[in-house]
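Counting convention: from 1, in listed order, for ligands and their atoms alike. The basis for the numbers below is simple: all heavy atoms, side chains too, and nothing from hydrogens, waters or symmetry mates. Residues take their numbers from the sequence shown, with the count starting at 1.
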Amino acid sequence: MSQPKYQSPKGVHDILPDDHLYFSFVKKVVRHHCRRAGFRRISTPIFENIELFNRSIGDTSDIVEKEMFVFESKSGKKFALKPEGTAGVVRAYLEHGMQQLPKPVELYYIEPHFRYNRPQKGRYRQFHQFGIELIGESDPAIDAQIIYIAHRINQDLGIADRLTLQLNTIGSQEDRKQYKEDLINYYTGKERSLCEDCKRRLHDNPMRLLDCKKEDCQILASMAPKLETVLSAESKEHFDLVKEYLDELGVSYELNPMLVRGLDYYTHTVFEFWSKHEGAQNATGGGGRYDGLIEEMGGQATPAIGFAAGMERTIEYMKEAGIRPPNKDKVAVFVAQLGLVAKRKALPLINELRDRGINTVGAVGKSSMKAQMSLADRLDARYSLILGEVEVREGTIILRDMERGSQETIPIEGIVDKMTELLGGKALSDKRLWEE
Ligand code: HAM
């Protein structure tokens, strides 16, 4: 087959109808768990002033250094497509005076994000995240609750068994001052064994050296001083309680002192969900506390914690686990007609069936019965209703059971009720349909 003239740009994908079955299902599960826990949905713009991301995610992070889609307005202002959701949510929280709301403020989002990285399996230039942010509480029980919600979502999507929860604390900003010095001292003299990224980061952001994926860097990282040794009593206690609460909630975790996360705003608890088969490369989601970010962005010091997961990766793991989301697109009734009189009768019937909540397709543009019935087969319709001139004259309709291959001629009167009953549904009014 020859290549089509136009193709989507590298690393971005169409979401075709079969994949939307998964997207819709994931959204539904996420919405359900978020609502149950008091979270309300927020959407922030696709692009923001570039400084917002530089400041919050950090100048030396991979995202800011290499992965942002940056563009300039005609007046020369610089913007970036959002690479993640937390920065925009915090900006909106401050901009819209949400500090005045009762705490905690609980927000969730389901949004596209953009990162300019090398496309590969599970890594795209446009991807979708669902995320939750809880602002205004510092209690370690909240950390455990947030992790629990993420875990429950994974459970309901059928992928929890395929993932491990990696857990660590990176302490407070104070704790890390001393630790950064210890790390710089440790790495000084060993620079030759480091990759270029790590060499460059050693003085600005030495903790990032701990989660470099390059083999030589990992060997050095495994022997580096541990943050544990400089954690304050408060930080230790916070983390001990998070672990205790997770035990209480029955969520298992692996302690991973190398987990530091790639964004600068984190403090204390950090976590990621890794695939048991692919390890760190393709985490489905991650998050942590960011107690310093709101103040950093000009607000009052306010503790916060959040989490986000990649929808494409989540869906890949669902597919690997053999999870099939319910197919709400399935055609229940196909209405076929022959002749002008029958077509006139078929049109309102199609709409009445649809209004009753029955997925109905009518091939009113096709003329031959053969073409219509072959379409009904291809659509895998559960039933067909067939109207010809004879049926119209006699006030009947042919009901064909497509699964059994049997058919009968029945009165057209009451046919919508009959189809509702056959499909096992209740008679729904329009209003109820919207509420469903
Ligand atoms: P993150 O770890 O950078 O965290 O991204 C969360 C998830 O988004 C990843 O685990 C991954 O599944 C997905 N993801 C990231 N980049 C890509 C990509 N290029 N292609 C496909 N999927 C990708 C954050 O973004 C933080 N904002 C999470 C957070 C919320 N922390 C506190 N609140």
**OP:** Answer with yes or no whether E312 contacts ligand 1, where contact means a heavy atom under 4.0 Å from a ligand atom.
**Re:** no
Original post:
Taking only residues two or more places apart in sequence or in another chain, which ones pass side chain to side chain donor-acceptor pair (under 3.5 Å) with Y253?
Top reply: D247
Original post:
Quick one: nearest non-hydrogen protein atom to atom 9 (C) of ligand 1, plus distance?
Top reply: A283 O, 4.0 Å
Original post:
Where does the angle between the aromatic ring planes of F307 and F271 fall among parallel (under 30°), tilted (30 to 60°) and perpendicular (over 60°)?
Top reply: parallel
**OP:** Distance to 0.1 Å, residue and atom name: give those for the protein heavy atom nearest to atom 26 (C) of ligand 1.
**Re:** Y265 OH, 3.4 Å
**OP:** Taking the six-membered ring for Trp and the full ring for Phe, Tyr or His, determine whether the centres of F47 and F69 are under 6.0 Å apart.
**Re:** no
**OP:** Using distance alone, with no hydrogens and no angle criterion, decide if T60 and D204 have a side-chain donor and acceptor under 3.5 Å apart.
**Re:** no
Original post:
Does an N or O from A309, backbone or side chain, lie closer than 3.5 Å to an N or O of ligand 1?
Top reply: no
**OP:** Would you mind checking which non-hydrogen protein atom is closest to atom 33 (N) of ligand 1, with the distance to 0.1 Å?
**Re:** E133 OE1, 2.8 Å
Original post:
For atom 21 (C) of ligand 1, which candidate among G310, G122, G131, A304 holds the nearest heavy atom?
Top reply: G122
Original post:
Do we get K78 above F71's six-membered ring, with its NZ or CZ under 6.0 Å from the centre and within 45° of the axis?
Top reply: no
Subject >> Nearest-neighbour protein heavy atom for atom 8 (O) of ligand 1, which is reported as residue plus atom name and distance >> reply: Q129 NE2, 3.0 Å
Original post:
Looking at the rings of H268 and F239, which for Trp means the six-membered one, are their centres under 6.0 Å apart?
Top reply: no
**OP:** Classify the angle between the aromatic ring planes of H151 and Y148 as parallel (below 30°), tilted (30 to 60°) or perpendicular (above 60°).
**Re:** tilted
**OP:** State if F273 counts as touching ligand 1 under the rule of any non-hydrogen atom under 4.0 Å.
**Re:** no
**OP:** Would you mind running through ligand 1 and noting each atom that sits below 4.0 Å from a heavy atom of G286?
**Re:** 28 (C), 29 (C)
Subject >> Of the listed options E84, E67, R261, closest to atom 1 (P) of ligand 1 (non-hydrogen atoms) >> reply: R261
**OP:** Can you sort out which atoms of ligand 1 are near G285, meaning under 4.0 Å from one of its heavy atoms?
**Re:** 10 (O)
Subject >> Nearest-contact summary for atom 19 (N) of ligand 1 - protein heavy atom, Å >> reply: Y124 O, 2.8 Å
**OP:** With heavy atoms under 4.0 Å as the rule, classify the contact between N282 and ligand 1 as side chain, backbone, both or neither.
**Re:** neither
**OP:** Distance to 0.1 Å, residue and atom name: give those for the protein heavy atom nearest to atom 31 (N) of ligand 1.
**Re:** Y266 OH, 2.6 Å
Subject >> Top protein contact for atom 15 (C) of ligand 1, by heavy-atom distance >> reply: R115 NH1, 3.4 Å
**OP:** Can you see which heavy atom on L163 is nearest to which on K276, and at what distance?
**Re:** O-CE, 3.7 Å
Subject >> Whether E133 side chain and E106 backbone form a donor-acceptor pair below 3.5 Å >> reply: no
Original post:
Applying a 4.0 Å heavy-atom criterion (strictly less than), which segment of R313 is in contact with ligand 1: side chain, backbone, both, or neither?
Top reply: side chain
Original post:
Will you find, in the side chains of N359 and D329, an N or O donor that is under 3.5 Å from an N or O acceptor?
Top reply: no
Subject >> N117 neighbourhood, listing ligand 1 atoms whose heavy-atom distance to it stays under 4.0 Å >> reply: 19 (N)
Subject >> Atoms in ligand 1 with a heavy atom of G287 nearer than 4.0 Å >> reply: 31 (N)
**OP:** Kindly state whether the ring of Y266 and the ring of Y290 have centres lying under 6.0 angstrom apart.
**Re:** no
Could you go through residues 37-45 and list every donor-acceptor pair under 3.5 Å that involves a side-chain atom there, pairing it with any protein atom two or more places apart or in another chain?
from	atom 1	to	atom 2	distance (Å)
R41	NH2	I110	O	3.3
S43	OG	E111	OE2	2.7
T44	OG1	K82	NZ	3.1

Subject >> atom 14 (N) of ligand 1 [closest protein heavy-atom partner, distance rounded to 0.1 Å] >> reply: F127 CE1, 3.5 Å
